[in-house]
Amino acid sequence: MNDIGIWGLGVMGQNLALNFASKGYSISVYNRTEDGEDNIVSDFMDKVDSDYSIEGFTSISEFVSSLKKDKIVLIMVKAGTILDSVIEVIVPLLSKNDIIIDGGNSDYMDTLRRLEYLSEKDIDYIGCGISGGSEGALKGPSMMPGGSFQAWDKISSMFRDISAKDKYGNPCCEWIGKDGAGHFVKTVHNGIEYAVMQIIAEVYDIQKKLLCFDNVTISDNFKNWQTDELKNYLFEITSNLLILKDKDSNYILDSILDKSSQKGTGKNTVIASFDYNIPTPLISEAVNARLISGFYSNRTQLNQFYKMGKISEINKKEVEESLYDGIYLAILFSYLNGLELIRESSLKNNWNIDLGNIIKVWKAGCIIQSDILYFLEDVVLDSNNSESLYLNQKIAKEVNARESSLRKLVVNAILSGTPVSVLSSAVSFIDSLKSLQLPANLIQIQRDFFGYHGYEKINRDGQIYHLDGEV
Ligand code: NDP
């Protein structure tokens with residue numbers, strides 16, 4: 001009888017199975033095999049080390065029967081209706097106290113719906129966000145479990161065993177909260193990932209177009225910025241990918257079309273931020289930037305139509321000197337956008353998410369792992385999950401020390417015609433946050449004029465006024 005069953009042998013399912021087996025667990029694996037297809041299960045089994053205890057199945061009932069009492073089935077299939085159909089097939093084969101875990105990128109509202117559906121059938125359900133791609137799945141992913149706490153109690157040691165470990169050896173797998181909290185946090189993780197990737201892309205663009213640096217210099221810069229405070233996975237891969245050459249000794253990056261696609265987790269983060277009224281401008285702009293890159297043919301035409309007037313000289317020395325502090329502050333605010341969204345949505349849903357746990361889970365194994373999280377851990381400790389992180393004095397200190405660098409970067413990029421959607425949204429966001437007077441008074445009066453929506457007045461707590469009562 002095996003410890004855990006994994007349904008779905010895509011890149012994630014295969015690598016998680018190998019990871020569990022490498023830690024001494026016995027595994028059953030299943031994948032559908034359609035007529036005429038090669039047998040995915042036997043292909044996988046051919047690759048498995050003979051020391052590993054992994055059994056492959058092409059029959060669902062034999063797969064389920066091979067599991068120990070209080071069966072644990074981890075499903076790793078495409079998120080959405082496919083997962084619902086897998087659940088429909090497997091539920092009749094399970095009984096009370098058995099556990100289903102969805103390790104895919106599900107929408108957190110779907111997870112809540114499935115939790116309620118399965119609790120009626122006495123099946124425990126966990127929605128576990130997993131990050132780290134194929135390598136993380138194999139060597140130790142970052143894991144964000146939520147849903148049934150009683151099920152978490154039973155699987156926690158197993159999941160912590162296979163998870164990534166931070167630099168002090170702590171597992172990057174912590175209980176997130178009830179309902180779809182685990183998948184919500186994974187969604188926001190991906191939203192932050194979109195923002196940080198776009199910031200890196202914009203800083204690459206500034207160095208390439210504005211400073212005329214070659215790939216080696218840009219790669220060296222990203223390597224040099226791997227400091228104690230900012231070291232991160234995305235800089236590491238960027239630095240390597242910038243100088244990766246094909247067989248003809250050409251940089252691969254230079255031959256790749258400038259059009260990026262997406263699977264929707266960034267969009268889902270932005271939808272959640274609108275649903276919960278929490279601004280995440282850096283993340284929204286990063287999603288927009290991917291959409292704009294998709295207008296490839298329009299951009300080619302518009303390059304001929306729209307001409308840029310000469311405005312003023314660009315200060316290249318100033319740009320070069322501002323790169324590090326500018327990128328640091330923009331990255332810091334990407335995390336703050338995401339963490340504030342989690343903090344507020346947790347309050348609104350009574351999820352009781354401990355932001356300290358989120359930081360622990362993201363410190364290693366995931367795409368947004370970064371040493372900036374050790375600084376954010378102190379910030380989160382100070383604010384005790386109850387106060388806005390933007391109000392924290394340590395954050396204010398960072399803003400005051402680095403804001404002018406970010407601004408200089410953005411101003412010079414705009415003067416040179418280099419698009420910096422996320423970097424500039426970071427500057428505008430900081431300016432808005434500290435603004436004593438935003439122009440929202442004008443929006444209020446316009447809304448009342450055409451829609452009788454009312455407005456509040458300065459120093460008149462909460463009372464609603466209308467223009468027709470005043471003029
Ligand atoms: P895929 O998202 O490609 O899913 C592969 C599995 O889904 C296979 O078992 C496949 O079966 C099954 N599947 C696909 N279509 C159907 C269908 N119509 N009916 C039944 N089964 C179907 O694989 P990944 O391993 O990349 O991802 C698994 C989950 O993990 C996804 O939710 C993904 O979003 C998430 N994830 C992925 C990461 C990554 O880096 N790839 C990182 C983190 C999370 P078959 O082989 O027969 O087609």
Side-chain angles (χ1 to χ4, degrees), residues 5-20 27-45 47 54 56-60 63 73-91 100-111 114 125-146 159 162-164 172-173 176 180 182-194 197 233-234 237 260-269 361-362 364-369:
I6 298 183
W7 177 312
L9 287 176
V11 61
M12 293 298 284
Q14 290 197 18
N15 285 302
L16 285 168
L18 295 172
N19 186 350
F20 273 114
I27 315 295
S28 302
V29 294
Y30 169 83
N31 198 91
R32 69 174 179 163
T33 305
E34 296 205 290
D35 286 349
E37 261 186 14
D38 290 342
N39 192 328
I40 293 159
V41 177
S42 59
D43 283 355
F44 172 67
M45 291 306 295
K47 292 190 287 191
I54 302 185
F57 295 90
T58 50
S59 146
I60 297 171
F63 165 69
V73 180
L74 171 61
I75 305 177
M76 293 305 303
V77 299
K78 279 191 199 307
T81 51
I82 291 168
L83 177 62
D84 287 313
S85 55
V86 169
I87 288 174
E88 279 311 307
V89 172
I90 204 162
V91 160
I100 295 179
I101 304 157
D102 165 23
N105 276 338
S106 293
D107 184 308
Y108 74 103
M109 292 303 282
D110 285 341
T111 304
R114 290 173 188 134
Y125 191 63
I126 288 203
C128 183
I130 299 181
S131 174
S134 54
E135 196 180 325
L138 180 65
K139 296 180 180 163
S142 157
M143 306 179 91
M144 295 151 250
F159 269 46
I162 68 145
S163 74
C172 296
C173 176
I176 303 295
H183 275 138
F184 183 80
V185 167
K186 172 66 200 306
T187 302
V188 178
H189 161 287
N190 285 23
I192 296 171
E193 179 183 308
Y194 272 59
M197 286 173 75
Y233 169 77
L234 284 167
I237 63 165
S260 54
S261 56
Q262 52 182 314
K263 279 196 171 168
T265 43
K267 180 187 82 176
N268 290 343
T269 308
V361 164
W362 289 349
C366 65
I367 307 299
I368 63 167
Q369 61 184 281

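Residue numbers count from 1 along this sequence. Each ligand, and each atom within it, is numbered from 1 in the order the structure gives.
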Between atom CG of N31 and atom CE of M76, what is the distance when rounded to the nearest 0.5 Å?
12.0 Å
Gap separating the CZ atom of F63 from the OG1 atom of T58, nearest 0.5 angstrom:
12.0 Å
For I40, the ligand 1 atoms with a heavy-atom partner under 4.0 Å come out as 46 (O), 47 (O)
Which ligand 1 atoms, with their elements, are less than 4.0 angstrom from a heavy-atom of I82?
15 (N), 16 (C), 17 (C), 18 (N), 19 (N), 20 (C), 21 (N), 22 (C)
Part of L9 within contact of ligand 1 (heavy atoms, under 4.0 Å):
backbone
For ligand 1, is any non-hydrogen atom under 4.0 Å from I130's backbone (N, CA, C, O), its side chain (CB onward), both, or neither?
backbone
Name the residue from T111, N105, D107 that meets the side-chain hydrogen bond (donor to acceptor under 3.5 Å, both in side chains) definition with H183.
T111
Would one find an N or O of [X], backbone or side chain, under 3.5 Å from an N or O of ligand 1?
X    : result
G8   : no
G133 : no
M76  : no

How close do K186 and G129 get, heavy atom to heavy atom, and via which atoms?
CB-CA, 3.6 Å
Between A17 and V29, what is the shortest heavy-atom contact and its length?
CB-CG1, 3.9 Å
Which residue from L83, L16, I367, N31 reaches closest to atom 8 (C) of ligand 1 through any of its heavy atoms?
N31
Of the listed options K78, K186, R32, Q14, closest to atom 16 (C) of ligand 1 (non-hydrogen atoms):
R32
Contact between A79 and ligand 1, counting heavy atoms under 4.0 Å?
yes
A quick test of your reading: do over 12 heavy atoms of other residues, nucleotides or ligands sit less than 6.0 Å from CE of M109?
no
Angle class for the W362/H189 ring planes (parallel below 30°, perpendicular above 60°, tilted otherwise)?
perpendicular
